[in-house]
Amino acid sequence: MPEQDQRRYVVHTYGCQMNEHDSERIAGLLEADGLVRAESDADADVVVLNTCCIRENADNKLYGNLGHMKTWKAKKEGRQIVVSGCLAQKDQDLVAQKAGHVDVVMGTHNVHRAAELLEAAKSSDVPITEILEAAVVDDHAMFPSALPVRREKSYNSWVTIQIGCDNNCAFCIVPAVRGEEMSRPYADIVAEVEQLAADGVSEVTLLGQNVNSYGRDLQLAARQAGDDTAKLRPLFADLLREVGAVDGIERVRYTSPHPKDM
């Protein structure tokens, strides 16, 4: 299909690096489904609002933007609006109630379903809302790094090492919208970094809600499975050393650590 005849998309990202990484994966999934990136909303057929709910005015900002998007959608037949991310996870059905012109509302645990939900919405008379309460036990669903990606910078890549958080801090909503802490298998992370280096990436940023507790749950699971050699300690220092030793990787960044696990 000529590019001028292809549907075009725009992803607007609000919030943290985890949201930015999710947006890259959503973009990758849409492009794998045949869409191409638009330069602006005016050129787009699909607009994705990947939301955050950390700041107090996030709700007002989203619904204000959605008010403007209603006019945008009416100007061209077939246009679609997707609301994803943490605020969608928190508000769930409320998004569709307040903004009936939204086509898809999806949460933080089903990034892998972006293209499928968008396609399903074409034949639906009501907004499709899919909010999973917990991560599906499948690597492609749990850890967005396993999905197709459209990276913003060729030399840098996000790498998800962990999702969720077990620190129920009074000031933070993350555990409610990202779920309990789960570490990605150690070997999978190293293998991904090795592949990224082979593809020309020289800088990786390790992502998690509490990266320096990475691996404690893996060690506990190993101990419970009968491995008496498993030490109940974080593996983050070991992971940093091994990732940093990958040939071609010149810089390793990470976000975000928690002071109690330093």
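Computation of the quantities below employed the complete heavy-atom set of this structure, encompassing side-chain atoms and omitting hydrogens, waters and symmetry-equivalent molecules. Since the structure is predicted, the reported quantities are computational estimates derived from the model, not experimental observations.
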Taking only residues two or more places apart in sequence or in another chain, which ones pass side chain to side chain contact (heavy atoms under 4.5 Å, CB included) with [X]?
| X | value |
| --- | --- |
| Lys70 | His101 |
| Ala222 | Asp227, Ala230 |
| Ala44 | Val10, Ala38, Val47, Trp72 |

**Study point:** Presence of salt bridge, Lys73 and Asp103, under 4.0 angstrom
**Key:** yes

Point to revise | Salt-bridge present (Arg216, Glu181; N to O < 4.0 Å) | key: no

Looking only at non-hydrogen atoms, find the nearest pair between [X] and [Y] and report the distance.
| X | Y | result |
| --- | --- | --- |
| Ser213 | Gln162 | OG-NE2, 3.4 Å |
| Asp91 | Val95 | CB-CG2, 4.0 Å |
| Val252 | Gly244 | CG2-CA, 3.9 Å |
| Ile131 | Ala88 | CD1-O, 3.5 Å |
| Glu130 | Leu117 | OE1-CD2, 3.7 Å |
| Met106 | Ala114 | CE-CB, 3.7 Å |

Does any non-hydrogen side-chain atom of [Y] lie less than 4.5 Å from one of [X]?
| X | Y | result |
| --- | --- | --- |
| Thr160 | Ile189 | no |
| Asp188 | Glu192 | no |
| Leu66 | Leu49 | yes |

Residues that [X] engages under side-chain hydrogen bond (donor to acceptor under 3.5 Å, both in side chains), provided they are two or more places apart:
| X | answer |
| --- | --- |
| Glu242 | Tyr186 |
| Ser84 | Asn50 |
| Lys122 | Glu119 |
| Glu116 | Arg113 |

**Study point:** salt bridge (charged side-chain N to carboxylate O under 4.0 Å, His left out) involving Arg253 - partner list, sequence neighbours excluded
**Key:**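 Residues passing salt bridge (charged side-chain N to carboxylate O under 4.0 Å, His left out) with Arg253: Glu203.
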
**Study point:** Any residue meeting salt bridge (charged side-chain N to carboxylate O under 4.0 Å, His left out) with Asp217, in chain and number order, not counting sequence neighbours
**Key:** none

**Study point:** All pairs passing ring pair (Phe, Tyr, Trp, His ring centres under 6.0 Å) where residues 24-52 contributes a residue, at least two apart
**Key:**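 For residues 24-52: none.
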
Practice item. Keeping to residues at least two apart or across chains, list the ring pair (Phe, Tyr, Trp, His ring centres under 6.0 Å) pairs with something in residues 218-249. Key: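 Ring pair (Phe, Tyr, Trp, His ring centres under 6.0 Å) check on residues 218-249 returns Phe236-Tyr254.
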
Gap separating the [atom1] atom of [X] from the [atom2] atom of [Y], nearest 0.5 angstrom:
| X | Y | atom1 | atom2 | answer |
| --- | --- | --- | --- | --- |
| Asn156 | Leu196 | CG | CG | 9.5 Å |
| Asn110 | Leu132 | CG | CG | 4.5 Å |
| Thr255 | His21 | OG1 | NE2 | 12.5 Å |
| Thr51 | His12 | OG1 | NE2 | 13.0 Å |
| Cys16 | Gln209 | SG | CD | 6.0 Å |
| Glu39 | Arg8 | CD | CZ | 8.5 Å |

Point to revise | side-chain hydrogen bond (donor to acceptor under 3.5 Å, both in side chains) partner of Asp45, the single match among Arg79, Gln6, Arg7, Lys76 | key: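 Exactly one pass, corresponding to Lys76.
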
Review point. Taking Asp22 as the fixed residue, which of Val111, Thr13, Val11 is the one that meets the side chain to side chain contact (heavy atoms under 4.5 Å, CB included) rule?
Key: Val111

Is there a continuous path of hydrophobic side-chain contacts, each under 4.5 Å between heavy atoms, that joins [X] to [Y]?
| X | Y | result |
| --- | --- | --- |
| Leu35 | Ile81 | no |
| Leu87 | Ile163 | no |
| Val105 | Val48 | no |
| Tyr14 | Leu94 | yes |
| Met18 | Trp158 | yes |

Review point. ring-ring contact (aromatic ring centres under 6.0 Å, His included) with Tyr214: which residues, sequence neighbours excluded?
Key: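 Not a single residue meets the ring-ring contact (aromatic ring centres under 6.0 Å, His included) criterion with Tyr214.
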
Exercise for review: Kindly check if the number of other-residue, nucleotide or ligand heavy atoms within 6.0 Å of CZ (Arg223) is above 12?
Suggested key: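 Correct, the count exceeds 12.
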
Check your understanding: Between Tyr9 and Gln80, do the side chains contain an N or O donor and an N or O acceptor separated by less than 3.5 Å?
Key -> no

**Study point:** Main-chain N/O of Ile249 paired with Ser202 side-chain donor or acceptor, under 3.5 Å
**Key:** no

